[in-house]
Amino acid sequence: MTTKKDISIFWFRQDLRLSDNPGLTKSLESKNVLPVYILDDINSGENKMGGASRWWLHRSLENLNKQLDNKISFYSGDPLEIFKNLIAKFNLKGIYWNRCYEPWRIKRDTNIKKYLIDHGIEAYSYNSNLLWEPNQILKVDQTPYKVFTPYYKKGCLNHDSPRIPIAKPNLEKIIEDEGNRNDLENLNLLDKKKWYSEFENLWQPGENHAHNKFSIFLENGLNGYKYGRNFPSKENVSQLSPHLHFGEISPNQIWYKLEEKSDDYSEKDLYHFKSELGWREFSYYLNFHFP
DNA sequence: AATCGGTTTTA
DNA sequence: AAAACCGAT
């Protein structure tokens, strides 16, 4: 019997970026990190991804994989089953990921964490996706807010400051699974009918493009944001939503860039744009506390 | 310390 | 109208 290779796994989910990625950075403190992406159409149920999201996901993964010298292992199916196979194949030390907050993902991930711990495998999860996690923000009576303004002003803004973004880690310890022949194309994320070619030029998924969009917004869109954001055709619309959704840029990176540049903009526009990040937080919050 | 009633706020 | 807040018990 050949000895199995010692590895840890970093599981990419809604955090398709290398910079400010706490889980990825932490995983790289151990040796030999295998990056993995799993298309899960099994546990998602009602929330199964639609065609436009799949197109975005494909392009985003393509971009991310290129940055990692094509070392990501792609799988499709139930993550727990896939991890069981990887446990059989490698001497797996631990699995690292960043938390998601949708009820179906929490249910799945809790289950996976339990399985891993029960089988002597380390499981580490981090916050990479939200400025404040849903269980951190509660009223004095320890129940969750239902109204945005008190949630944001009193709950969030009076809480500890959001985590400071971290740099892109050193990628030397990233390895690939030479035995895995399942590449991105096999996930079949792109529809055979190429209806998506319409927006191929309008939208560019990927970490670098997310940051470009944000820079352009800072140059042209943030001045007059409070008023202009209500007109979708104006440049005051940031267009960052899908990039944030797939985690190509973190809210923390946006938040602290705004702090840094606070002298360049009016208090009103800055506050209003930040509060839109607050609304994003609030929707995750409500979905978490009142599913 | 949890509950009650009255007042203010709500994007 | 419903939620949050405040002061009193």
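In what follows, chains are A, B, ... by sequence order, proteins preceding strands, each numbered from 1. Keep in mind that this is a model prediction, so the values were computed, not measured.
A salt bridge links A/R163 and A/D20; the closest N-O separation between the charged side-chain nitrogens and carboxylate oxygens is under 4.0 Å.
Counting any heavy atom pair closer than 4.0 Å across all strands shown, A/Y145 reaches sugar-phosphate atoms only and no base atom. In this structure, A/Y151 reaches neither bases nor backbone, as no heavy-atom distance under 4.0 Å exists between it and the strands shown.
Taking atom NZ of residue A/K153 and atom P of nucleotide B/dT8, one finds them 17 Å apart after rounding to whole Å. Rounded to whole Å, atom P of C/dA3 lies 13 Å from atom CG of A/D141. When rounded to the nearest whole Å, the span between NZ of A/K139 and P of C/dC6 equals 12 Å. In this structure, CG of A/D269 is placed 16 Å from C1' of B/dA11, rounded to the nearest angstrom. Atom pair A/Q142:CD and B/dT3:C1' shows a separation of 17 Å (rounding to whole Å applied). The interatomic distance linking A/N158 (CG) with C/dC5 (P) rounds to 11 Å, in whole Å. Rounded to an integer number of Å, the gap from CG of A/L286 to P of C/dA2 is 17 Å. Between the NE2 atom of A/H272 and the P atom of B/dA11 there is a distance of 12 Å, rounded to whole Å.
Within a 6.0 Å radius of NZ in A/K89, other residues, nucleotides and ligands contribute more than 12 heavy atoms.
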**OP:** Begin with the C-alpha distance, continue with both residues' side-chain angles, and end with the deciding distance and a verdict on ring-ring contact (aromatic ring centres under 6.0 Å, His included) for A/Y124 and A/Y96.
**Re:** CA-CA 5 Å; A/Y124 300 102; A/Y96 295 74; 4.8 Å; yes

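In this structure, A/K84 is positioned above the aromatic face of A/Y115, its NZ or CZ under 6.0 Å from the six-membered ring centre and within 45° of the axis.
Look at A/K146 and you won't find any side-chain N or O under 4.0 angstrom from OP1 or OP2 of C/dA4.
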